[in-house]
Protein chains: 2
Amino acid sequence: MANIEHTDEIFRHFEKYIRLSDSLKNELTNRLVFKTFKKGEVIHKAANICKKSFFIQKGLMRTYFIKDGKEITEYFSAENEWINSPRSFMQQQLDIYNIDTLEQTECFCLNVNDLVFLFNHFPEMERYARLSMGTVFGHFLERITSMRFTTAKEKYQHFCETYHDIYHRIPLGMVSSYLGIAQETLSRIRAEK
Amino acid sequence: MANIEHTDEIFRHFEKYIRLSDSLKNELTNRLVFKTFKKGEVIHKAANICKKSFFIQKGLMRTYFIKDGKEITEYFSAENEWINSPRSFMQQQLDIYNIDTLEQTECFCLNVNDLVFLFNHFPEMERYARLSMGTVFGHFLERITSMRFTTAKEKYQHFCETYHDIYHRIPLGMVSSYLGIAQETLSRIRAEK
DNA sequence: CTTAATTTTTGACTTATATCAAAAAATCAT
DNA sequence: ATGATTTTTTGATATAAGTCAAAAATTAAG
(Lines give C-alpha, C1' and ligand atoms only; values in the text may rest on other atoms or scores of the structure.)
Protein backbone atom coordinates (compact mmCIF):
# COMPACT_ATOMS: atom_id res chain seq x y z
CA MET A 1 0.00 0.00 0.00
CA ALA A 2 1.28 3.47 -0.90
CA ASN A 3 -0.22 4.83 2.28
CA ILE A 4 2.97 6.63 3.10
CA GLU A 5 3.14 10.31 3.80
CA HIS A 6 5.46 12.30 1.60
CA THR A 7 5.87 15.99 2.20
CA ASP A 8 7.71 16.03 -1.14
CA GLU A 9 4.65 16.73 -3.25
CA ILE A 10 3.16 19.42 -1.05
CA PHE A 11 6.53 21.13 -0.68
CA ARG A 12 6.95 21.07 -4.43
CA HIS A 13 3.53 22.67 -4.67
CA PHE A 14 4.56 25.51 -2.34
CA GLU A 15 7.76 25.96 -4.25
CA LYS A 16 5.88 26.69 -7.43
CA TYR A 17 5.12 30.03 -5.77
CA ILE A 18 7.71 30.70 -3.02
CA ARG A 19 11.06 29.43 -1.74
CA LEU A 20 10.63 27.29 1.37
CA SER A 21 13.12 28.02 4.11
CA ASP A 22 14.19 25.18 6.39
CA SER A 23 12.39 26.72 9.33
CA LEU A 24 9.16 27.02 7.37
CA LYS A 25 9.53 23.44 6.17
CA ASN A 26 9.91 22.42 9.78
CA GLU A 27 6.83 24.27 10.93
CA LEU A 28 4.84 22.84 8.05
CA THR A 29 5.97 19.31 8.79
CA ASN A 30 4.96 19.75 12.42
CA ARG A 31 1.51 21.00 11.53
CA LEU A 32 0.47 18.99 8.50
CA VAL A 33 -1.43 15.90 9.59
CA PHE A 34 -1.61 13.05 7.14
CA LYS A 35 -5.03 11.45 6.77
CA THR A 36 -6.70 8.80 4.68
CA PHE A 37 -10.40 8.81 3.91
CA LYS A 38 -12.35 6.09 2.24
CA LYS A 39 -14.68 6.63 -0.67
CA GLY A 40 -17.89 8.47 0.11
CA GLU A 41 -16.85 9.98 3.42
CA VAL A 42 -18.24 13.41 4.20
CA ILE A 43 -15.25 15.51 5.23
CA HIS A 44 -17.07 18.74 5.90
CA LYS A 45 -20.72 19.60 6.53
CA ALA A 46 -22.34 22.94 5.81
CA ALA A 47 -23.79 22.94 9.32
CA ASN A 48 -20.29 23.46 10.74
CA ILE A 49 -17.73 26.19 10.36
CA CYS A 50 -14.84 24.84 8.29
CA LYS A 51 -11.77 24.41 10.50
CA LYS A 52 -9.57 22.37 8.19
CA SER A 53 -8.08 22.56 4.75
CA PHE A 54 -6.98 19.44 2.90
CA PHE A 55 -4.15 19.11 0.43
CA ILE A 56 -4.90 16.10 -1.72
CA GLN A 57 -1.98 13.81 -2.36
CA LYS A 58 -3.97 11.06 -3.99
CA GLY A 59 -7.67 10.81 -4.68
CA LEU A 60 -10.61 12.99 -5.57
CA MET A 61 -13.05 15.17 -3.63
CA ARG A 62 -15.96 17.38 -4.42
CA THR A 63 -17.50 20.51 -2.94
CA TYR A 64 -21.28 20.55 -3.25
CA PHE A 65 -24.40 22.12 -1.84
CA ILE A 66 -28.03 21.12 -1.59
CA LYS A 67 -30.65 22.77 -3.77
CA ASP A 68 -34.25 21.54 -3.76
CA GLY A 69 -33.06 18.38 -2.03
CA LYS A 70 -30.51 17.64 -4.74
CA GLU A 71 -26.74 17.73 -4.53
CA ILE A 72 -25.19 20.35 -6.81
CA THR A 73 -21.46 20.06 -7.39
CA GLU A 74 -19.62 23.36 -7.14
CA TYR A 75 -16.25 21.93 -8.17
CA PHE A 76 -13.95 18.94 -8.00
CA SER A 77 -10.49 18.84 -6.45
CA ALA A 78 -7.83 16.29 -7.18
CA GLU A 79 -4.12 15.61 -6.69
CA ASN A 80 -1.99 18.56 -5.58
CA GLU A 81 -4.89 20.86 -4.82
CA TRP A 82 -6.27 22.30 -1.61
CA ILE A 83 -9.89 21.78 -0.76
CA ASN A 84 -12.02 23.47 1.90
CA SER A 85 -15.20 25.52 2.10
CA PRO A 86 -13.52 28.77 1.02
CA ARG A 87 -15.52 31.46 2.76
CA SER A 88 -16.22 29.29 5.77
CA PHE A 89 -12.56 28.42 6.19
CA MET A 90 -11.07 31.85 5.55
CA GLN A 91 -13.65 33.88 7.41
CA GLN A 92 -14.71 31.30 9.98
CA GLN A 93 -18.38 31.67 9.25
CA LEU A 94 -21.10 29.31 8.01
CA ASP A 95 -21.53 28.65 4.33
CA ILE A 96 -23.56 26.30 2.13
CA TYR A 97 -20.88 23.85 1.07
CA ASN A 98 -20.31 20.22 1.97
CA ILE A 99 -17.26 18.23 0.99
CA ASP A 100 -16.93 14.52 0.41
CA THR A 101 -14.62 12.05 -1.25
CA LEU A 102 -15.29 10.35 -4.58
CA GLU A 103 -12.43 7.91 -4.13
CA GLN A 104 -10.23 6.74 -1.33
CA THR A 105 -8.23 9.86 -0.66
CA GLU A 106 -4.89 10.50 1.01
CA CYS A 107 -4.25 14.05 2.08
CA PHE A 108 -2.56 16.45 4.43
CA CYS A 109 -4.81 18.28 6.80
CA LEU A 110 -4.03 21.79 7.99
CA ASN A 111 -5.93 23.36 10.84
CA VAL A 112 -7.08 26.96 10.47
CA ASN A 113 -5.23 27.94 13.65
CA ASP A 114 -2.02 26.49 12.32
CA LEU A 115 -2.48 28.36 9.08
CA VAL A 116 -3.01 31.60 10.97
CA PHE A 117 0.19 30.90 12.89
CA LEU A 118 2.05 30.37 9.63
CA PHE A 119 0.64 33.57 8.14
CA ASN A 120 1.71 35.51 11.21
CA HIS A 121 5.23 34.17 11.35
CA PHE A 122 6.08 33.62 7.69
CA PRO A 123 5.21 36.51 5.35
CA GLU A 124 6.08 34.27 2.42
CA MET A 125 3.04 32.19 3.32
CA GLU A 126 0.90 35.24 2.65
CA ARG A 127 2.57 35.52 -0.70
CA TYR A 128 2.04 31.87 -1.40
CA ALA A 129 -1.66 32.20 -0.60
CA ARG A 130 -2.03 35.28 -2.76
CA LEU A 131 -0.30 33.74 -5.74
CA SER A 132 -1.91 30.33 -5.59
CA MET A 133 -5.29 31.97 -5.20
CA GLY A 134 -4.52 33.87 -8.38
CA THR A 135 -4.22 30.60 -10.23
CA VAL A 136 -7.64 29.47 -9.05
CA PHE A 137 -8.99 32.91 -9.84
CA GLY A 138 -7.94 32.45 -13.45
CA HIS A 139 -9.71 29.11 -13.66
CA PHE A 140 -12.88 30.70 -12.31
CA LEU A 141 -12.79 33.41 -14.94
CA GLU A 142 -12.44 30.79 -17.64
CA ARG A 143 -15.29 28.82 -16.21
CA ILE A 144 -17.58 31.82 -16.11
CA THR A 145 -16.71 32.56 -19.72
CA SER A 146 -17.28 28.99 -20.73
CA MET A 147 -20.71 28.88 -19.11
CA ARG A 148 -22.14 31.75 -21.09
CA PHE A 149 -22.82 31.47 -24.81
CA THR A 150 -21.94 27.82 -25.01
CA THR A 151 -24.10 24.82 -25.84
CA ALA A 152 -24.38 21.89 -23.45
CA LYS A 153 -22.03 19.97 -25.72
CA GLU A 154 -19.40 22.71 -25.64
CA LYS A 155 -19.69 22.90 -21.86
CA TYR A 156 -19.01 19.19 -21.61
CA GLN A 157 -16.08 19.39 -24.00
CA HIS A 158 -14.57 22.26 -22.05
CA PHE A 159 -15.04 20.24 -18.89
CA CYS A 160 -13.23 17.24 -20.34
CA GLU A 161 -10.37 19.47 -21.41
CA THR A 162 -9.89 21.25 -18.10
CA TYR A 163 -10.47 18.13 -16.02
CA HIS A 164 -8.93 15.69 -18.47
CA ASP A 165 -7.13 13.72 -15.77
CA ILE A 166 -10.22 13.10 -13.73
CA TYR A 167 -13.37 13.49 -15.85
CA HIS A 168 -13.72 9.74 -16.37
CA ARG A 169 -13.56 9.11 -12.63
CA ILE A 170 -16.65 11.18 -11.85
CA PRO A 171 -20.26 9.92 -11.98
CA LEU A 172 -22.36 11.50 -14.72
CA GLY A 173 -24.89 13.03 -12.37
CA MET A 174 -22.22 15.02 -10.56
CA VAL A 175 -20.78 16.27 -13.81
CA SER A 176 -24.17 17.43 -15.03
CA SER A 177 -24.90 19.41 -11.89
CA TYR A 178 -21.40 20.91 -12.06
CA LEU A 179 -22.07 22.04 -15.62
CA GLY A 180 -25.60 23.19 -14.94
CA ILE A 181 -27.26 20.90 -17.46
CA ALA A 182 -29.79 18.10 -17.03
CA GLN A 183 -28.43 14.63 -16.47
CA GLU A 184 -30.46 13.30 -19.40
CA THR A 185 -29.00 15.92 -21.71
CA LEU A 186 -25.47 15.01 -20.68
CA SER A 187 -26.21 11.34 -21.19
CA ARG A 188 -27.38 12.05 -24.75
CA ILE A 189 -24.33 14.19 -25.48
CA ARG A 190 -22.04 11.43 -24.33
CA ALA A 191 -23.90 8.86 -26.42
CA GLU A 192 -23.67 10.74 -29.70
CA LYS A 193 -19.92 11.12 -29.47
CA MET B 1 -15.92 70.07 -9.53
CA ALA B 2 -15.15 67.23 -7.14
CA ASN B 3 -12.03 66.49 -9.12
CA ILE B 4 -9.97 66.43 -5.98
CA GLU B 5 -7.86 63.51 -4.96
CA HIS B 6 -8.61 62.02 -1.57
CA THR B 7 -6.54 59.15 -0.32
CA ASP B 8 -9.17 58.83 2.43
CA GLU B 9 -11.37 56.38 0.57
CA ILE B 10 -8.61 54.14 -0.70
CA PHE B 11 -6.96 54.08 2.71
CA ARG B 12 -10.26 53.16 4.29
CA HIS B 13 -10.48 50.37 1.75
CA PHE B 14 -7.07 49.01 2.76
CA GLU B 15 -8.00 49.31 6.41
CA LYS B 16 -10.92 46.97 5.94
CA TYR B 17 -8.24 44.28 5.70
CA ILE B 18 -5.02 45.54 7.35
CA ARG B 19 -3.74 48.33 9.57
CA LEU B 20 -1.88 50.95 7.56
CA SER B 21 1.36 52.11 9.14
CA ASP B 22 2.48 55.68 8.51
CA SER B 23 5.38 54.52 6.42
CA LEU B 24 3.12 52.40 4.23
CA LYS B 25 0.71 55.31 3.89
CA ASN B 26 3.62 57.42 2.77
CA GLU B 27 4.78 54.95 0.19
CA LEU B 28 1.26 54.55 -1.11
CA THR B 29 0.73 58.28 -1.37
CA ASN B 30 3.96 58.61 -3.33
CA ARG B 31 3.01 55.89 -5.76
CA LEU B 32 -0.70 56.32 -6.32
CA VAL B 33 -1.32 58.59 -9.28
CA PHE B 34 -4.70 60.26 -9.50
CA LYS B 35 -6.30 60.20 -12.93
CA THR B 36 -9.55 61.21 -14.54
CA PHE B 37 -10.96 59.52 -17.63
CA LYS B 38 -13.89 60.61 -19.65
CA LYS B 39 -16.73 58.35 -20.62
CA GLY B 40 -15.93 55.74 -23.23
CA GLU B 41 -12.15 55.83 -22.91
CA VAL B 42 -10.35 52.54 -23.42
CA ILE B 43 -8.04 52.19 -20.43
CA HIS B 44 -6.50 48.88 -21.34
CA LYS B 45 -6.28 46.90 -24.57
CA ALA B 46 -5.90 43.15 -24.82
CA ALA B 47 -3.03 43.65 -27.25
CA ASN B 48 -0.87 44.97 -24.42
CA ILE B 49 0.36 43.51 -21.18
CA CYS B 50 -1.48 45.19 -18.32
CA LYS B 51 0.91 47.42 -16.38
CA LYS B 52 -1.56 49.35 -14.26
CA SER B 53 -4.29 48.73 -11.76
CA PHE B 54 -6.97 51.33 -11.08
CA PHE B 55 -8.79 51.97 -7.84
CA ILE B 56 -12.06 53.65 -8.73
CA GLN B 57 -13.00 56.60 -6.55
CA LYS B 58 -15.94 57.70 -8.64
CA GLY B 59 -17.35 56.27 -11.83
CA LEU B 60 -17.83 52.96 -13.55
CA MET B 61 -15.70 50.68 -15.70
CA ARG B 62 -16.08 47.38 -17.42
CA THR B 63 -13.81 44.51 -18.36
CA TYR B 64 -14.78 42.91 -21.65
CA PHE B 65 -13.49 40.73 -24.43
CA ILE B 66 -14.35 40.26 -28.09
CA LYS B 67 -16.14 37.14 -29.27
CA ASP B 68 -17.31 36.79 -32.88
CA GLY B 69 -16.80 40.53 -33.30
CA LYS B 70 -19.02 41.33 -30.34
CA GLU B 71 -18.09 42.80 -26.97
CA ILE B 72 -18.80 40.45 -24.08
CA THR B 73 -18.73 41.99 -20.63
CA GLU B 74 -16.86 39.92 -18.07
CA TYR B 75 -17.70 42.19 -15.13
CA PHE B 76 -18.29 45.73 -14.01
CA SER B 77 -16.28 47.65 -11.43
CA ALA B 78 -17.44 50.70 -9.55
CA GLU B 79 -16.57 52.89 -6.57
CA ASN B 80 -13.99 51.48 -4.14
CA GLU B 81 -12.94 48.58 -6.31
CA TRP B 82 -9.76 47.77 -8.17
CA ILE B 83 -9.87 47.05 -11.85
CA ASN B 84 -7.23 45.55 -14.12
CA SER B 85 -6.84 42.60 -16.43
CA PRO B 86 -6.20 40.09 -13.64
CA ARG B 87 -3.95 37.50 -15.19
CA SER B 88 -2.26 40.01 -17.43
CA PHE B 89 -1.51 42.32 -14.52
CA MET B 90 -0.44 39.74 -11.98
CA GLN B 91 1.53 37.51 -14.30
CA GLN B 92 2.61 40.11 -16.84
CA GLN B 93 1.40 38.14 -19.79
CA LEU B 94 -1.15 38.76 -22.53
CA ASP B 95 -4.80 38.05 -21.94
CA ILE B 96 -8.10 38.63 -23.75
CA TYR B 97 -9.52 41.50 -21.72
CA ASN B 98 -10.05 45.13 -22.56
CA ILE B 99 -11.14 47.76 -20.09
CA ASP B 100 -13.08 50.95 -20.71
CA THR B 101 -15.11 53.51 -18.80
CA LEU B 102 -18.89 53.71 -18.85
CA GLU B 103 -18.91 57.09 -17.14
CA GLN B 104 -16.44 59.81 -16.41
CA THR B 105 -14.22 58.08 -13.89
CA GLU B 106 -11.83 59.33 -11.24
CA CYS B 107 -9.34 56.84 -9.95
CA PHE B 108 -5.96 56.12 -8.49
CA CYS B 109 -3.52 54.36 -10.74
CA LEU B 110 -0.91 51.98 -9.38
CA ASN B 111 1.91 50.74 -11.55
CA VAL B 112 2.78 47.03 -11.40
CA ASN B 113 6.39 47.86 -10.46
CA ASP B 114 5.23 49.97 -7.57
CA LEU B 115 2.97 47.20 -6.40
CA VAL B 116 5.86 44.75 -6.53
CA PHE B 117 7.91 47.17 -4.47
CA LEU B 118 5.14 47.39 -1.90
CA PHE B 119 4.79 43.61 -1.76
CA ASN B 120 8.53 43.26 -1.22
CA HIS B 121 8.79 45.85 1.53
CA PHE B 122 5.43 45.56 3.30
CA PRO B 123 4.33 42.01 4.12
CA GLU B 124 0.97 43.43 5.20
CA MET B 125 0.39 44.31 1.55
CA GLU B 126 0.60 40.62 0.75
CA ARG B 127 -2.01 40.01 3.40
CA TYR B 128 -4.19 42.78 2.07
CA ALA B 129 -4.02 41.29 -1.42
CA ARG B 130 -4.82 37.82 -0.15
CA LEU B 131 -7.79 38.94 1.91
CA SER B 132 -9.30 41.31 -0.60
CA MET B 133 -8.93 38.67 -3.28
CA GLY B 134 -10.89 36.37 -1.01
CA THR B 135 -13.80 38.77 -1.13
CA VAL B 136 -13.85 38.77 -4.91
CA PHE B 137 -13.44 35.01 -4.85
CA GLY B 138 -16.67 34.73 -2.87
CA HIS B 139 -18.52 36.88 -5.38
CA PHE B 140 -17.29 34.66 -8.20
CA LEU B 141 -18.56 31.54 -6.46
CA GLU B 142 -21.96 33.15 -6.06
CA ARG B 143 -21.99 34.18 -9.66
CA ILE B 144 -21.17 30.69 -10.85
CA THR B 145 -23.93 29.30 -8.69
CA SER B 146 -26.38 31.88 -9.94
CA MET B 147 -25.63 31.09 -13.57
CA ARG B 148 -26.56 27.43 -13.34
CA PHE B 149 -30.15 26.28 -12.87
CA THR B 150 -31.59 29.76 -13.09
CA THR B 151 -33.93 31.27 -15.66
CA ALA B 152 -33.00 34.43 -17.53
CA LYS B 153 -35.34 36.35 -15.24
CA GLU B 154 -33.67 35.03 -12.10
CA LYS B 155 -30.27 35.87 -13.52
CA TYR B 156 -31.38 39.43 -14.09
CA GLN B 157 -32.88 39.70 -10.62
CA HIS B 158 -29.70 38.38 -9.05
CA PHE B 159 -27.75 40.90 -11.09
CA CYS B 160 -29.91 43.78 -9.88
CA GLU B 161 -29.42 42.65 -6.30
CA THR B 162 -25.66 42.27 -6.41
CA TYR B 163 -25.13 45.39 -8.52
CA HIS B 164 -28.00 47.36 -7.05
CA ASP B 165 -26.03 50.60 -6.89
CA ILE B 166 -25.04 50.54 -10.52
CA TYR B 167 -27.38 48.33 -12.55
CA HIS B 168 -29.41 51.29 -13.81
CA ARG B 169 -26.27 53.03 -15.06
CA ILE B 170 -25.35 50.25 -17.47
CA PRO B 171 -26.65 49.89 -21.06
CA LEU B 172 -28.87 46.88 -21.59
CA GLY B 173 -26.63 45.25 -24.18
CA MET B 174 -23.72 45.13 -21.78
CA VAL B 175 -25.85 43.61 -19.06
CA SER B 176 -27.15 40.91 -21.39
CA SER B 177 -23.67 39.84 -22.46
CA TYR B 178 -22.58 39.85 -18.81
CA LEU B 179 -25.46 37.54 -17.94
CA GLY B 180 -25.05 35.37 -21.00
CA ILE B 181 -28.55 35.94 -22.35
CA ALA B 182 -29.75 37.52 -25.58
CA GLN B 183 -30.37 41.23 -25.55
CA GLU B 184 -33.91 40.72 -26.84
CA THR B 185 -34.67 38.33 -24.01
CA LEU B 186 -33.43 40.81 -21.42
CA SER B 187 -35.49 43.56 -23.00
CA ARG B 188 -38.62 41.42 -22.71
CA ILE B 189 -37.86 40.54 -19.10
CA ARG B 190 -37.49 44.18 -18.21
CA ALA B 191 -40.73 45.05 -19.97
CA GLU B 192 -42.89 42.52 -18.14
CA LYS B 193 -41.77 43.69 -14.74
C1' DC C 1 -24.68 -15.77 -6.86
C1' DT C 2 -29.19 -13.28 -6.45
C1' DT C 3 -31.82 -9.61 -5.28
C1' DA C 4 -32.10 -4.83 -4.23
C1' DA C 5 -30.65 -0.18 -4.88
C1' DT C 6 -28.64 3.16 -7.57
C1' DT C 7 -27.25 5.26 -11.78
C1' DT C 8 -27.64 5.84 -16.65
C1' DT C 9 -30.05 5.67 -20.91
C1' DT C 10 -33.91 6.14 -24.06
C1' DG C 11 -38.38 8.06 -25.60
C1' DA C 12 -42.14 11.49 -26.01
C1' DC C 13 -43.40 15.94 -25.19
C1' DT C 14 -42.99 20.88 -23.55
C1' DT C 15 -40.99 25.23 -22.97
C1' DA C 16 -37.69 28.86 -22.40
C1' DT C 17 -34.83 31.34 -24.93
C1' DA C 18 -32.14 32.14 -29.24
C1' DT C 19 -32.38 33.99 -33.83
C1' DC C 20 -33.75 36.85 -37.61
C1' DA C 21 -35.93 41.01 -39.06
C1' DA C 22 -37.81 45.35 -38.71
C1' DA C 23 -39.85 49.26 -36.09
C1' DA C 24 -39.41 52.51 -32.33
C1' DA C 25 -36.83 55.13 -29.19
C1' DA C 26 -32.88 57.29 -27.46
C1' DT C 27 -28.42 59.36 -28.02
C1' DC C 28 -24.91 61.77 -30.53
C1' DA C 29 -22.83 65.00 -33.75
C1' DT C 30 -22.99 68.92 -36.83
C1' DA D 1 -32.50 71.89 -33.43
C1' DT D 2 -32.14 68.18 -37.21
C1' DG D 3 -30.57 64.32 -39.30
C1' DA D 4 -27.61 60.24 -38.46
C1' DT D 5 -26.11 56.62 -35.40
C1' DT D 6 -26.79 53.65 -31.98
C1' DT D 7 -29.58 51.21 -28.76
C1' DT D 8 -33.81 49.13 -27.39
C1' DT D 9 -38.18 47.09 -28.27
C1' DT D 10 -41.53 44.19 -30.57
C1' DG D 11 -43.00 40.29 -33.51
C1' DA D 12 -42.66 35.73 -35.69
C1' DT D 13 -40.35 31.49 -35.79
C1' DA D 14 -36.91 27.82 -34.73
C1' DT D 15 -34.46 24.96 -31.63
C1' DA D 16 -31.74 23.42 -27.78
C1' DA D 17 -32.44 21.64 -23.72
C1' DG D 18 -35.70 20.71 -19.76
C1' DT D 19 -39.20 17.58 -17.79
C1' DC D 20 -41.63 13.41 -16.89
C1' DA D 21 -41.72 8.51 -17.18
C1' DA D 22 -40.06 4.10 -17.76
C1' DA D 23 -36.54 0.72 -19.28
C1' DA D 24 -31.79 -0.78 -19.18
C1' DA D 25 -27.47 -1.13 -17.10
C1' DT D 26 -24.46 -0.88 -13.41
C1' DT D 27 -23.17 -1.26 -8.61
C1' DA D 28 -23.90 -2.66 -3.89
C1' DA D 29 -25.59 -5.77 -0.36
C1' DG D 30 -27.19 -10.02 1.81
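Order of the sequence lines sets the chain letters (A, B, ...), proteins ahead of strands, with each chain counted from 1. Worth knowing before you read on, the calculation uses all heavy atoms, side chains too, and leaves out hydrogens, waters and symmetry mates.
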Rounded distance (Å) that lies between atom C1' of dA16(C) and atom CD of E154(B): 12 Å
From dA12(D), dG18(D), dT8(C), nucleotide with atom closest to R188(B) side chain: dA12(D)
Test ring pair (Phe, Tyr, Trp, His ring centres under 6.0 Å) applied to F54(B) and F37(B), F34(B), W82(B), the passing residue: F37(B)
Nucleotide nearest A152(A) when distance is taken to its side chain, options dA17(D), dT10(D), dT8(D): dA17(D)
Interatomic distance where OH belongs to Y156(A) and C1' belongs to dA17(D) [whole Å]: 17 Å
Touch class at under 4.0 angstrom, heavy-atom based, for K39(B) against every strand present: sugar-phosphate
Sugar-phosphate only, base, or nothing, as touched by G180(B) at under 4.0 Å among non-hydrogen atoms: sugar-phosphate
Side chain to side chain contact (heavy atoms under 4.5 Å, CB included) assessment of K70(B) paired with K67(B): CA-CA 5 Å; K70(B) 287 189 160 190; K67(B) 190 192 172 179; 5.8 Å; no
Hydrophobic cluster identity match, M174(B) and I83(B), side-chain contacts under 4.5 Å: no
Nearest-angstrom distance from the residue atom CG of L186(A) to P of dG18(D): 10 Å
Closest listed nucleotide, where the reference is the side chain of A182(A) and the choices are dT19(D), dC28(C), dC20(C): dT19(D)
Atom-to-atom span, CD1 of I189(B) to P of dT9(D) - whole angstrom: 12 Å
Quiz item: cation-pi between R143(B) and F159(B), 6.0 Å / 45°: no
L172(B) CG - dT7(D) C1' separation (whole Å): 8 Å
Q183(A), nearest nucleotide to its side chain (from dT8(D), dT17(C), dT8(C)): dT8(C)
Nearest to side-chain heavy atoms of T151(A), which nucleotide of dT9(C), dA17(D), dT8(D): dA17(D)
Phosphate contact (dT8(D) OP1 or OP2) by S187(B) side-chain N/O below 4.0 Å: no
Among dA18(C), dT10(D), dT9(D), the nucleotide that comes nearest once only the side chain of A191(B) is considered: dT10(D)
Residue closer to the 5' end of DNA chain C, E184(B) versus I170(A) (nearest nucleotide): I170(A)
Length of the CD1-P vector between I181(B) and dA17(D), whole Å: 16 Å
d(CZ, R190(B); C1', dT7(D)) in whole Å: 11 Å
Audit row: R31(B), N26(B), side chain to side chain donor-acceptor pair (under 3.5 Å) steps and yes/no: CA-CA 9 Å; R31(B) 288 178 163 76; N26(B) 250 322; over 6 Å; no
Protein-nucleotide distance (D68(B), atom CG; dA18(C), atom C1'), rounded to Å: 14 Å
